[in-house]
> 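One structure is given below, represented as structure tokens, and several questions about it will come after.
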Amino acid sequence: CKFGVSTFEVISLHKKPIVFTDNEKGERMKDINTLFSLGLIKLIKKDKILSNKSKTKININQSLKNVIDVIKFKWKNL
């Protein structure tokens with residue numbers, strides 16, 4: 001879609017719109033780049049879809065500790 005109100009409506013539905021950036025300049029392009037850097041939209045540049053996926057790091061040791069604590073608690077209450 002073209003950048004505008006429809007873009008924000010799709011974002012509010014927790015979807016990632018694909019925005020065409022042809023002929024966009026100035027303030028609109030700054031807004032588009034901000035939304036792209038936040039990972040809220042995908043861009044089409046030169047017939048390619050670009051996506052900025054955010055990476056989440058999970059501390060496995062902390063997760064396992066929590067699971068072990070739950071198992072111990074359940075085991076004590078048997």
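What's counted below: heavy atoms across the whole structure, side chains too, no hydrogens, waters or symmetry copies. Remember, predicted model here, so these are calculated numbers, not experimental data.
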> Enter the distance from Glu27:CD to Asp31:CG here, rounded to the nearest 0.5 Å.
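Answer for the CD-CG pair, Glu27 versus Asp31, is 5.5 Å.
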
> May I have the step-by-step check of side-chain contact (heavy atoms from CB on, under 4.5 Å) for Ile18 and Leu43, ending in yes or no?
CA-CA 5 Å; Ile18 299 173; Leu43 295 179; over 6 Å; no

> Do you know the tightest heavy-atom contact between Pro17 and Leu40?
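For Pro17 and Leu40, the tightest heavy-atom pair comes out as CD-O, 3.6 Å.
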
> From Lys16 NZ over to Leu35 CG, what is the distance, rounded to the nearest 0.5 angstrom?
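Output value for this atom pair is 11.5 Å.
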
> Ile41 and Ile11: side-chain contact (heavy atoms from CB on, under 4.5 Å), yes or no, with the steps?
CA-CA 8 Å; Ile41 63 171; Ile11 291 171; 3.8 Å; yes

> Rounded to the nearest 0.5 Å, what separates atom NZ in Lys15 from atom NZ in Lys42?
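If we round to the nearest 0.5 Å, Lys15:NZ and Lys42:NZ are 11.0 Å apart.
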
> What's the separation between atom CZ in Phe20 and atom OG1 in Thr7, rounded to the nearest 0.5 Å?
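Separation between the atoms: 10.5 Å.
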
> Would you find a donor on one side and an acceptor on the other, under 3.5 Å apart, between the side chain of Thr21 and the backbone of Met29?
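No; zero donor-acceptor contacts below 3.5 Å.
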
